[in-house]
There are 2 protein chains.
Amino acid sequence: MDADAVIDHDAPTPVYAQLAAILRARIERGDWQPGRRIMSEAQLVQAYGLARETTRKAVRVLIEDGTLFTVPGRGTFVAEPSETSP
Amino acid sequence: MDADAVIDHDAPTPVYAQLAAILRARIERGDWQPGRRIMSEAQLVQAYGLARETTRKAVRVLIEDGTLFTVPGRGTFVAEPSETSP
DNA sequence: ATAGATTTGTTCGTATGTATA
DNA sequence: GTATACATACGAACAAATCTA
């Protein structure tokens, strides 16, 4: 999926999965480097016009596959490549 | 069968098969494009005045021949032509 | 040291849609 | 025709951790 792709609410793919793919593409493209903080949940909501729980679910997908990790009160960060694909 | 055909409860053809033919005609006519969502089950029930299980059976016919596919929580979608007739 | 702002974590509720009995 | 279950999506509210002024 393209990094600048737009959310399609009528597509078969769930919105949260679309956003997860977009974020993954932006990370692979280098928009956010390993160890760096990505947009906050509020910024994701604003940028993609989604509900907070939907953006959180997208982030959770990337957390579960080792791409991102969160720090309460700090933000959401890009994991080191070694942690993603050893 | 015509896309605007009406269900005939007294015809030899089962009602679910009539509806399946109607939906197939509407798809072939372009009412719903590949990858797009068709009416929900509730809308089909409302539009054609049938029981829910009858509309589900009609949809199942088109799923089994590769015309449609469903995504829980999302809806029923038109398959890509390549998936229908390779 | 305190207050406020920011950010993630959690818990409700509502609505829609398919799956199953 | 009803009921239950599960998945998706949106909305609101509050708590906890962190940072800044």
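Order of the sequence lines sets the chain letters (A, B, ...), proteins ahead of strands, with each chain counted from 1. Predicted model, so just to flag it, every value in this text is computed and none were measured.
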Phosphate-side-chain proximity, [X] and [N], N/O vs OP1/OP2 below 4.0 Å:
X     : N      : result
A:T70 : C:dT8  : no
A:Y16 : D:dT8  : yes
B:R37 : C:dG17 : yes
B:T76 : C:dG17 : no
A:H9  : D:dC10 : yes
A:K57 : D:dT8  : yes

What does the list of N/O pairs under 3.5 Å between the protein and nucleotides 12-15 of chain D look like, with a distance for each?
from	atom 1	to	atom 2	distance (Å)
D:dA13	N6	A:R52	NH1	3.4

Proximity to the side chain of [X] - top-ranked nucleotide from [options]:
X     : options                : value
B:R74 : C:dG9, D:dA9, C:dT18   : D:dA9
A:R56 : C:dT10, C:dA19, D:dC10 : C:dT10
B:E41 : C:dT18, D:dC10, D:dT18 : C:dT18
A:A51 : C:dT18, D:dC10, D:dT8  : D:dC10

Output a table of nitrogen or oxygen pairs between the protein and nucleotides 1-6 of chain C separated by less than 3.5 Å.
none

Report task. May I have all residue pairs that pass salt bridge (Lys or Arg N to Asp or Glu O under 4.0 Å) and include part of residues 44-53 of chain A, sequence neighbours excluded? Result ->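 Non-adjacent pairs meeting salt bridge (Lys or Arg N to Asp or Glu O under 4.0 Å): A:E41-A:R52, A:E53-A:R56.
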Query raised in the report: Counting only heavy atoms not in B:Q46, do more than 12 sit closer than 6.0 Å to its CD atom?
Result: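 Atom CD in B:Q46 is not crowded, with 12 or fewer foreign heavy atoms closer than 6.0 Å.
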Requested in this report: Identify, with sequence neighbours excluded, every residue that meets side chain to side chain donor-acceptor pair (under 3.5 Å) alongside B:R36.
Outcome: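 Result, side chain to side chain donor-acceptor pair (under 3.5 Å) vs B:R36: A:D8.
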Query raised in the report: Can you name the residues that form a side chain to side chain donor-acceptor pair (under 3.5 Å) with A:R24, not counting sequence neighbours?
Result: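 Side chain to side chain donor-acceptor pair (under 3.5 Å) check on A:R24 returns A:D65.
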Query raised in the report: Between A:G66 and A:A79, what is the shortest heavy-atom contact and its length?
Result: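 For A:G66 versus A:A79, the nearest heavy atoms are O-CB, 3.2 Å.
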Report task. Rounding to 10 degrees, work out the angle separating the end axes of the helix from C:dT2-D:dA21 to C:dA21-D:dT2 (five pairs an end). Result ->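 Roughly 10° between the end axes, to the nearest 10°.
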